[in-house]
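Just so you know, these numbers come straight off a predicted model, no measurement behind them. So you know, we letter chains A, B, ... as the sequences are listed, proteins then strands, and number each from 1.
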Number of protein chains: 2
Amino acid sequence: MKNQEFKIAEQKTKQAGLKATIPRMRILQLLENSQQRHWSAEDVYKALLDSGDDEGLALATIYRVLTQFEGAGLVTRLHFEGGTSVFELNQGAHHDHLICIKCGKIEEFFDEAIEKRQQAIAKKKNFDITDHCLHIYGVCALCKKL
Amino acid sequence: MKNQEFKIAEQKTKQAGLKATIPRMRILQLLENSQQRHWSAEDVYKALLDSGDDEGLALATIYRVLTQFEGAGLVTRLHFEGGTSVFELNQGAHHDHLICIKCGKIEEFFDEAIEKRQQAIAKKKNFDITDHCLHIYGVCALCKKL
DNA sequence: GTATATGCAAAACTTTTGCATCCTT
DNA sequence: AAGGATGCAAAAGTTTTGCATATAC
C-alpha cells in the first residue's frame, strides 16, 4: 500500500462523505488495484486475509463498508444467478454483463441501441427507470474449445 | 381443484418426466390458476396453507418441487434485487421484466430489437447464449401519482 | 413391491445486527 | 472529547439436506 495510493483512496473516501478509516482504505485499494473487477464479500474477505502483513477485517465490516460504498456511488452491487451479491467498482460508465456458466468469467459490454430501446419501453409505459441490469449467460469462446 | 384441471396438471407433470404426486399437482395448479405470475417459495407456501380444505405442504417440498419444475422447463427461476428467488410459470415466450421499486409490481415485456442486439453482441464475441435476463427497476405510472 | 417423494428437523450459507471497544476528526 | 466505525458473536432469512415414513406406478 504505497503512500500515494493511500492518499488517493483517502481523498475518494472523504469526497464520498465517509471517514477515512483503515478498513475502508484497504477495501477501496483492493478494488482499485486488482485486475479482478467482480467481488463477493467473501472474496474481499479472503483477499485481505491473504494480502501480506496486515490482519484481515471482520466479514461484517466488509459488508458494512461495501454497502456504504454502494450508497456513496463508489460501488455497484450486482445479483447474478446463484443468489450471492457481487460488487464492482464504479469506474467509467454503465455497462451490462456476459457471464460464462462454465468458467465463471464475467465480461462487460455496453450497447447504445439496447439502452435506447429500454428508455423507449419505459417511456411508453410512463415508467421512470432508476436502474437496470442485463445479464447474458452462456458459454464463452474459450470454454467452447474445451 | 376440479377434476378436469387435475387431469391437465397430471398430464403436464408426467410429460415432464415427473410422477404425478399431490404436492406437484397442487403447486402446478396454483401457478396455473392464479392471476399472480411471480411467486417466492414462501408465497406458494402461504397460498397453499390458506387454500381451503387441504393441508399445507412443507416448505422444503415446495423448494424441491419448484427446482424440479425448473429443471423440467415448466417454471423459470428469477433473481431480482433483494436476493430471494422468484418463480414464474413458463407459458408462452421469453420476456423481460419491469419492476416497480415502490409497489413491487412486476410487468413483463418483450422487445425484438433488444433480443436481436443481444444475439449480435454474443456472436461478435463468439459466445453461446443459454439464457439472459433484463430487469428494469423504477417507479411505475401509478406510483408516480402518489 | 420398489423406487421415489414427502415431512420434519436440523444444517448450511449469506447477510445483518447488538454491543463493547477503538479510532478518526 | 465525541461521534462514528470496527470486531466479535449472535441472530435473521433463505435454501438445502438427512432420514424415517408415506406414496405413486
Side-chain angles (χ1 to χ4, degrees), chain A residues 1 6-7 9-30 38-49 54-72 74-87, chain B residues 1 6-7 9-30 38-49 54-72 74-87:
Chain A
M1 194 192 271
F6 189 89
K7 285 256 174 70
E10 186 176 354
Q11 215 176 311
K12 283 201 183 182
T13 313
K14 289 190 174 171
Q15 262 175 20
L18 300 168
K19 279 192 198 171
T21 64
I22 307 262
R24 297 210 259 247
M25 300 295 96
R26 289 185 63 203
I27 293 172
L28 185 53
Q29 295 208 333
L30 175 67
H38 301 93
W39 300 82
S40 68
E42 190 74 29
D43 288 340
V44 172
Y45 179 70
K46 285 185 186 146
L48 289 175
L49 262 188
D54 283 333
E55 289 164 32
L57 305 182
L59 194 50
T61 300
I62 292 170
Y63 276 105
R64 278 188 285 231
V65 168
L66 288 174
T67 302
Q68 289 159 342
F69 281 2
E70 186 191 12
L74 262 52
V75 142
T76 298
R77 183 192 302 242
L78 305 169
H79 300 269
F80 294 128
E81 284 176 15
T84 79
S85 296
V86 172
F87 299 85
Chain B
M1 196 193 273
F6 189 89
K7 285 255 175 68
E10 187 176 353
Q11 216 176 308
K12 285 202 182 182
T13 312
K14 288 190 176 172
Q15 264 176 19
L18 299 169
K19 281 192 198 171
T21 64
I22 308 259
R24 299 210 259 243
M25 299 297 96
R26 289 185 62 203
I27 292 172
L28 185 53
Q29 296 208 334
L30 175 66
H38 300 93
W39 299 82
S40 69
E42 189 76 29
D43 288 341
V44 172
Y45 179 71
K46 286 187 186 145
L48 290 175
L49 262 188
D54 282 333
E55 289 165 30
L57 304 181
L59 193 50
T61 301
I62 292 171
Y63 276 106
R64 278 188 284 230
V65 168
L66 288 174
T67 302
Q68 289 160 341
F69 282 2
E70 186 191 12
L74 264 52
V75 141
T76 298
R77 183 194 298 243
L78 305 168
H79 299 270
F80 294 129
E81 284 176 13
T84 82
S85 296
V86 172
F87 298 86

- Message: Base contacts versus sugar-phosphate-only contacts with protein, heavy atoms under 4.0 Å: please encode nucleotides 15-22 of chain D as B, S and - from 5' to 3'.
- Response: BBBB----
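- Rounded to a whole Å, the CG atom of Leu49(B) is 11 Å from the P atom of dG7(C).
- Using a 4.5 Å cut-off on side-chain heavy atoms (C-beta onward), Leu30(B) and Trp39(B) make contact.
- In this view, Lys14(A) and Glu10(A) satisfy the side-chain hydrogen bond (donor to acceptor under 3.5 Å, both in side chains) rule, not counting sequence neighbours.
- Following rounding to the nearest Å, Glu81(B) (CD) and dT15(C) (C1') show an atom-to-atom distance of 16 Å.
- Summarising the geometry, the separation between CZ on Phe69(A) and C1' on dT6(D) is reported as 14 Å, rounded to the nearest angstrom.
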At a cut-off of 3.5 Å, list every protein nitrogen or oxygen paired with a nitrogen or oxygen from nucleotides 23-25 of chain D, distance to 0.1 Å.
| residue | atom | partner | partner atom | Å |
| --- | --- | --- | --- | --- |
| dC25(D) | OP1 | Ala20(B) | N | 3.2 |

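- Residues passing the side-chain hydrogen bond (donor to acceptor under 3.5 Å, both in side chains) test with Ser40(B), sequence neighbours excluded: Asp43(B).
- For Glu55(B) and dC8(C), the CD to P distance is 8 Å, given to the nearest whole Å.
- The closest side-chain heavy-atom distance from Leu18(A) to Arg24(A) is below 4.5 Å.
- We find the CZ-CG distance between Arg26(A) and Leu57(A) to be 5.0 Å, quoted to the nearest 0.5 Å.
- When the side chain to side chain contact (heavy atoms under 4.5 Å, CB included) test is applied to Thr67(B), the partners found at least two apart in sequence or on another chain are Arg77(B).
- The CG-P distance, from Leu66(B) to dA5(C), rounds to 15 Å in whole Å.
- At whole-Å resolution of the value, OH in Tyr45(A) and C1' in dC8(D) are 11 Å apart.
- Remark: Tyr45(B) engages no residue in a ring pair (Phe, Tyr, Trp, His ring centres under 6.0 Å) (not counting sequence neighbours).
- Using a 4.5 Å cut-off on side-chain heavy atoms (C-beta onward), Lys46(A) and Glu42(A) make contact.
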